[in-house]
Protein chains: 2
Amino acid sequence: MDITTTIEDVANLAGVSIKTVSRVVNMEPNVRPATRERVQDAIRELGYQPNPSARGLASKRSYLVGLFYDDLMAESTYIVNVQRGVLTRCRKEGYELLIHPFNYHQNGINGLAEEITANIIKSRIDGVILTPPLSDLSIAIETLKRLDKPQIRLSPGHHESGSPCVYSDDRIAARLMTEHLIQLGHKRIAFIAGHSGHLAIVHRQTGFIDAMTAAGLNIDNASVSQGSNTFESGVKCAREILSHERAPTAIFASTDEMAAGVMSVAHQLGYSIPGDLSVAGYDNSQIAHQVWPALTTIAQPVNEMAEIATGLLIDQLRGGKKSISQVAMQSELVLRDSTGPAPC
Amino acid sequence: MDITTTIEDVANLAGVSIKTVSRVVNMEPNVRPATRERVQDAIRELGYQPNPSARGLASKRSYLVGLFYDDLMAESTYIVNVQRGVLTRCRKEGYELLIHPFNYHQNGINGLAEEITANIIKSRIDGVILTPPLSDLSIAIETLKRLDKPQIRLSPGHHESGSPCVYSDDRIAARLMTEHLIQLGHKRIAFIAGHSGHLAIVHRQTGFIDAMTAAGLNIDNASVSQGSNTFESGVKCAREILSHERAPTAIFASTDEMAAGVMSVAHQLGYSIPGDLSVAGYDNSQIAHQVWPALTTIAQPVNEMAEIATGLLIDQLRGGKKSISQVAMQSELVLRDSTGPAPC
DNA sequence: TTGAAAGCGCTAACAA
DNA sequence: TTGTTAGCGCTTTCAA
């Protein structure tokens with residue numbers, strides 16, 4: 001198990017040429033099973049691991065995958081789970097991960113293209129995974145295309161067009177959640193919309209409207225307020241919503257963070273949850289367990305989505321299976337204690 | 001700005017040999033200023049970036065730094081800030097970052113040495129940054145030494161011995177916080193200890209005891225309870241602490257997560273914060289803003305600590321400045337709204 | 001202060 | 001099915 005073991009050492013021990021070892025390592029065809037086994041034994045015995053630099057130099061690939069995300073989301077459960085999923089798949093496939101949080105709100109959106117370009121020329125990553133909201137930023141998508149870098153998008157708002165992507169149908173899931181509230185007898189339900197730049201989150205609002213309309217319930221303007229995904233924005237919206245004379249009996253916030261903000265305000269105002277007010281969130285973040293009572297929410301299979309996306313990207317990098325361009329995954333309604341029957 | 005520009009293109013344009021270009025790129029001495037400038041112009045004009053694989057192959061280095069952490073902490077504000085700090089410095093110094101969360105609770109501590117070894121042989125990282133609790137795990141430290149990999153530890157419990165480290169004095173900061181509570185008139189103060197495997201967090205308890213003793217206040221056994229850093233453990237401890245007949249008027253939890261758990265329980269039991277009960281935390285996590293009222297806590301300069309640690313590691317990798325082996329940083333008391341005068 | 005040449009450990013192209 | 005050879009784009013070594 002020595003870091004200085006080279007392909008030549010393996011070839012010598014196995015009594016073959018280095019090219020044969022290379023074939024075995026890269027799982028290429030045209031190696032007799034007996035030979036293959038002999039080489040594999042030698043590899044195991046020496047603890048041989050190919051040198052990535054040498055490989056990269058010869059093959060003009062880096063075996064590096066980039067994960068691009070908005071630094072504002074770096075602390076979210078979402079990004080952490082994406083990192084986990086991507087890493088899991090990278091390890092299996094022999095790739096390494098380079099994370100890259102972007103601060104494009106500070107530097108201006110124009111700096112984004114330059115930063116992406118610079119990063120790619122410097123790091124030589126082979127392909128990129130884009131997470132929301134970058135997965136909907138055409139400047140990011142187009143810059144990568146111009147650089148001829150394969151990309152895959154996670155949860156874009158528009159999955160029909162553009163580059164390949166993995167997503168879950170937020171509209172349907174939000175509809176499910178709204179129907180859950182309606183079934184509990186709620187008629188005045190408020191919705192807190194997310195940041196308008198996160199298109200996938202906007203679909204949650206559509207799902208809410210779908211369900212309300214289908215149930216013949218009123219959606220006056222007051223029942224949808226505009227948040228920006230954060231706890232603080234949830235607080236702000238809740239203060240407004242709960243100050244109306246006929247306050248809603250349920251609030252569906254399009255992120256858990258905002259839902260937690262709502263709950264904080266509700267507690268301060270003396271509401272009992274879910275007795276006086278039901279609260280629902282979306283994302284199944286860590287915070288959903290840290291509020292009291294535990295938050296009813298929607299869970300996307302973020303980990304698996306990231307794994308699958310990484311797999312698709314690597315397939316692309318290997319030059320195969322370009323056919324799959326969209327994978328849709330299902331989200332799940334997670335019923336906890338923050339939603340209950342509407343007060344009479 | 002072409003990814004296929006090589007050192008030779010630059011040499012041709014500048015009218016020098018590739019070795020001279022190499023000298024300029026690597027900031028080596030013995031280049032006439034005029035020559036250096038000519039080369040730099042050529043580099044700029046062509047948008048040249050050296051190929052990391054070629055560099056790595058020739059120099060037997062990867063220009064890759066590894067960040068090793070406990071996957072259980074991946075969602076913490078702490079790890080996210082460490083990632084940010086490390087990335088900032090890596091970019092400045094021309095290194096790339098490979099993150100590696102470890103799941104050693106599942107796989108058993110014995111698997112850890114193997115996983116570290118396998119990872120290093122595969123990825124060829126040049127050096128490693130260890131975060132708590134890995135920075136106190138001798139199996140991690142020793143494995144890296146055996147592999148001859150430079151390492152730097154962030155916030156270890158024992159900073160005197162072992163490999164170089166960057167830390168902040170948690171004992172002093174915890175003492176400060178406790179003194180703050182004492183100055184507010186609190187006499188019955190409970191402390192919630194953190195996970196015993198996180199040695200730096202154990203120092204927080206010592207600081208608490210320092211202050212209590214110095215103030216001549218009683219520390220009966222009941223006033224220190226054992227948590228495990230998490231929100232849930234804070235909930236559990238708080239339920240116990242607040243069930244005593246002479247409940248404390250202040251609770252100092254050694255992590256913000258636990259403090260948030262305490263606040264949740266306190267609200268449920270009808271305590272007003274800080275009127276009936278003061279609550280203090282430690283870490284200045286995201287959650288400190290998401291509780292109501294906002295949490296008084298201790299802020300470590302995690303970002304800077306990570307940047308400095310990365311700088312020290314890279315210095316080591318470059319073969320210089322081995323002299324600095326410990327850097328101590330100062331934490332800051334952040335007064336918010338969860339602490340107030342003791343009730344009469 | 002500069003440059004020429006060798007070679008890092010692999011893969012690609014081709015030959016046998 | 002296997003092997004030979006020629007680079008990939010740099011750094012290192014040594015020479016000028």
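Naming: A, B, ... by sequence-line order, numbering from 1 per chain.
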Legend entry - Greater than 12 external heavy atoms within 6.0 Å of Glu28(A)'s CD: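 Correct, the count exceeds 12.
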
Legend entry - Residues, nucleotides or ligands: over 12 heavy atoms within 6.0 Å of His105(B) NE2: yes

Is there side-chain contact between [X] and [Y], with heavy atoms separated by less than 4.5 Å?
X         : Y         : result
Asn103(A) : Asp70(A)  : no
Leu67(A)  : Val128(A) : no
Gln300(B) : Met329(B) : no
Leu130(B) : Leu137(B) : no

What integer distance in Å separates [X]:[atom1] from [N]:[atom2]?
X         : N      : atom1 : atom2 : value
Glu8(B)   : dG7(D) : CD    : C1'   : 12 Å
Gln49(B)  : dG9(D) : CD    : C1'   : 14 Å
Ile18(A)  : dT4(D) : CD1   : P     : 9 Å
Arg124(A) : dC8(D) : CZ    : C1'   : 12 Å

Legend entry - Closest-nucleotide ordering on DNA chain C, the 5'-leading residue of Pro29(B) and Leu57(B): Pro29(B)

Legend entry - Residue met sooner reading DNA chain C from 5', once Pro33(B) and Lys60(B) are mapped to nucleotides: Pro33(B)

Under 4.0 Å: is that the gap between some side-chain N or O of [X] and OP1 or OP2 of [N]?
X        : N       : result
Arg32(A) : dT2(D)  : yes
Ser59(B) : dT11(D) : no
Ser17(A) : dT4(D)  : no

Quick test: give all pairs of protein nitrogen or oxygen and nucleotides 13-16 of chain D nitrogen or oxygen below 3.5 Å, distance rounded to 0.1 Å.
none

Inset, instruction - Rounded to 10°, tell me the angle between the two end axes of the helix from dT1(C)-dA16(D) to dA16(C)-dT1(D), each built from five pairs. - result: 30°

Legend entry - Asp41(B)/Arg44(B) salt bridge by N-O under 4.0 Å criterion: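 Yes, charged N to carboxylate O under 4.0 Å.
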
Legend entry - Of Tyr63(B) and Arg36(A), the one whose closest DNA chain D nucleotide lies more 5':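 The 5'-side residue here is Arg36(A).
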
Inset, instruction - Just grab all the side chain to side chain donor-acceptor pair (under 3.5 Å) pairs involving residues 128-146 of chain B, residues at least two apart or on different chains. - result: none

Legend entry - Listed once per pair and sorted, the side chain to side chain donor-acceptor pair (under 3.5 Å) pairs that draw on residues 82-92 of chain B, sequence neighbours left out: Asp71(A)-Arg84(B), Gln83(A)-Gln83(B), His100(A)-Arg91(B), Tyr69(B)-Gln83(B), Asn81(B)-Arg84(B), Arg89(B)-Glu93(B), Lys92(B)-Glu307(B)

Inset, instruction - Using the six-membered ring wherever Trp is involved, compare the ring planes of His159(A) and Tyr167(A) and label them parallel, tilted or perpendicular (cut-offs 30° and 60°). - result: parallel

Inset, instruction - Could you give me the CA-CA distance, side-chain angles and deciding distance for Leu64(A) and Tyr95(A), then say whether side-chain contact (heavy atoms from CB on, under 4.5 Å) is met? - result: CA-CA 6 Å; Leu64(A) 252 30; Tyr95(A) 275 72; over 6 Å; no

Legend entry - Nearest listed nucleotide, side chain of Thr35(A), among dG3(D), dG9(D), dT2(D):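 Among the listed nucleotides, the one closest to the side chain of Thr35(A) is dT2(D).
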
Legend entry - Closest to the Ala54(B) side chain, choosing from dG7(D), dC10(D), dT11(D): dC10(D)

Legend entry - Range on DNA chain C touched by chain B - first to last nucleotide, heavy-atom distance under 4.0 Å: dT1(C) to dG9(C)

Inset, instruction - Pick base, sugar-phosphate or nothing for Asn30(A), based on heavy-atom distances below 4.0 Å to the nucleic acid. - result: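 The answer is base, as Asn30(A) lies within the cut-off (heavy atoms under 4.0 Å) of a base atom.
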
Inset, instruction - Please list, chain by chain and in numerical order, all residues satisfying side-chain contact (heavy atoms from CB on, under 4.5 Å) with Ser123(A), sequence neighbours excluded. - result: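 side-chain contact (heavy atoms from CB on, under 4.5 Å) check on Ser123(A) returns Leu98(A), Asn119(A), Ile125(A), Glu96(B).
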
